[in-house]
Amino acid sequence: MSVTKHDQILEYIETLPVGEKISVRGIAKDLSVSEGTAYRAIKEAETVGLVSTIQRVGTIRIERKIKENIEKLSFGEVSKIIEGDILAGHRGLDKILKKFIIGAMTEKNMLRYITSGSLMIVGDRENVQRLALENRSAVLLTGGFDVSADILSLADEMEMPIIRTTYDTFTVATMINRAISDQMIKKDIMTVEDIQTPFERTNYLNVKDTIQDYHELSESSGFTRFPVVNKSNRLVGIITSKDVVNKQPTQPIEKIMTKDPRRAKNHMSVASIGHQMIWDGLEIIPVVADDLTLIGIVSRRDVMKAMQLAQRQPQVSNTLSDQITDEVIEKTNRDGTDTPEFSFVVTPQMVNNMGTLSFGVLNQIISTAAQRTMMIKYHHNSVIEQISLYYFKLIQIDSEIEVKPRMIEVGRRSAKMDVEVYIDNVIVAKAMIVCQLMEQT
């Protein structure tokens, strides 16, 4: 089935009303395509946010989610975050926030902190509002106060926004800090775009090329796997060395290539692509635009190097997962074996509203212990493929828990282990884990 048919299915799904149930059989029947083609298109629709699979409900059409990737925080974005009203200075909404200042000091002292592009958070102090605007700083007015006509006119003249909110100063400062922190985390997450080989350096073949062309490209490049494109440079397949075995040199690669291969988009995280490559045994994944035009390629080696580099780099702003991971401490195994053990103290941030350790946090602790065990004992990076967690007793706040992994089986590409969690030598939880191992590069 051609790529065009695949696109037609996606376009058809996009025309369905939100909430409409979707099935492989129904799509195949409505569009006269095979169920395999319908299935792949539905999975693609799920990836791009057109549909969602809900337990006990099935696959349904949803509103397409547009990724909010605020690389730089503008005053307009700030107004949305704090649910503010823009009173004046609309032409400055696209200007970038460089820092914010809380107007709780004398005007003389403020002058040391006010710079162009800053945001002054202040109440009904007109002299401070004027001082900020004259120094090309935007004004965020807390408490819902009114502003004089002179100040509004000055804001329009300086093209610096005045934003009003009913929230208090502490609340808006917290909200802006959270937005900046989220922005830093997003910037720290590597995407396919960060590591891909660009199109101009990508080796690829055309559908009209022959096996002889494949051999010549393989010999000159040193690679054995190549994406295949049509005359419009749209991805239509992939060809590998096993496809050309015992084939005639004049045979077109269109007849033997793997059609509709897995592909990546620029916005996808390196970690998600890495998981696909490990689980499916892929060496390369073509990178395409929304219309399936080939724009590059990403290799397993690139992904592994990027993920290993990310693990060694400190993040500018920690996620909740980072906070949990940092609290998992390696300790000496008292049994005298070389399998490490770990300890963790339950802090207030890690509990639910009943004061006991959250199930999700416990899952993260055990996953961290398992991955560290694979690295310490076998020098393997790994990803968790499957985990079955049994929570026997509630774990109270301030408890110190011991996490004891035990290897069951280690193979070339996967490992199984048993992990037990203890408090005062009493077992409180147990997990069975299957890890996929990353090849060392």
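For the numbers below, each heavy atom of this structure counts, side chains included, while hydrogens, waters and symmetry mates do not. Values in this document were obtained by computation on a predicted structure and should not be read as measured data.
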Gap between atom CG of Leu235 and atom CD1 of Ile285 - 0.5 Å precision: 11.0 Å
Non-hydrogen atoms of Pro161 and Phe75 that approach each other most closely: CG-CB, 3.9 Å
Tyr39, OH: over 12 other non-hydrogen atoms inside 6.0 angstrom: no
Student check: side-chain heavy atoms of Ile387 and Asn363 closer than 4.5 Å: yes
Close side-chain approach of Val236 to Lys259, heavy-atom, < 4.5 Å: no
Side-chain (Gln371) to main-chain (Ser382) donor-acceptor, under 3.5 angstrom: yes
Exercise: identify the closest heavy-atom pair between Ser137 and Thr115: CB-O, 4.1 Å
Ionic contact status for Lys331 with Glu402, cut-off 4.0 Å: yes
For Lys80, salt bridge (charged side-chain N to carboxylate O under 4.0 Å, His left out) partners two or more places apart: none
Summary of salt bridge (Lys or Arg N to Asp or Glu O under 4.0 Å) pairs that have at least one residue in residues 422-431, sequence neighbours excluded: Asp418-Lys430, Glu420-Lys430
Sequence-distant partners of Arg201, salt bridge (charged side-chain N to carboxylate O under 4.0 Å, His left out), two or more places apart: none
Ser414 side, atom OG; Gln386 side, atom CD - distance, nearest 0.5 Å: 11.0 Å
Spacing of Glu219 atom CD and Leu217 atom CG [to the nearest 0.5 Å]: 10.5 Å
SG on Cys435 to CE on Met407, rounded to 0.5 Å: 7.0 Å
Pairs meeting criterion salt bridge (Lys or Arg N to Asp or Glu O under 4.0 Å) with involvement of residues 361-385, two or more places apart: Asp338-Lys377
Asp194 side chain near Val270 side chain, heavy-atom distance below 4.5 Å: no
Check: Ile163 and Asp85 side chains under 4.5 Å, non-hydrogen atoms: no
For Tyr204, all residues meeting ring pair (Phe, Tyr, Trp, His ring centres under 6.0 Å), sequence neighbours excluded: Phe199
Student check: side-chain heavy atoms of Met350 and Leu357 closer than 4.5 Å: yes
Gap between atom CD1 of Ile121 and atom CD1 of Ile82 - 0.5 Å precision: 8.0 Å
Residues, nucleotides or ligands: over 12 heavy atoms within 6.0 Å of Lys208 NZ: no
Flag side-chain contact, heavy atom, 4.5 Å: Arg61 against Ile13: yes
Closest approach of Ile273 to Val303 (non-hydrogen atoms, all atoms of both residues): CG2-CG2, 4.3 Å
Between OG1 on residue Thr169 and CG on residue Leu140, distance to nearest 0.5 Å: 8.0 Å
Lys99, NZ: over 12 other non-hydrogen atoms inside 6.0 angstrom: yes
Name of the residue among Arg136, Lys95, Met160 meeting side chain to side chain contact (heavy atoms under 4.5 Å, CB included) with Ser116: Arg136
Residues, nucleotides or ligands: over 12 heavy atoms within 6.0 Å of Tyr390 OH: no
Qualifying residues under ring pair (Phe, Tyr, Trp, His ring centres under 6.0 Å), relative to Tyr214, sequence neighbours excluded: Phe226
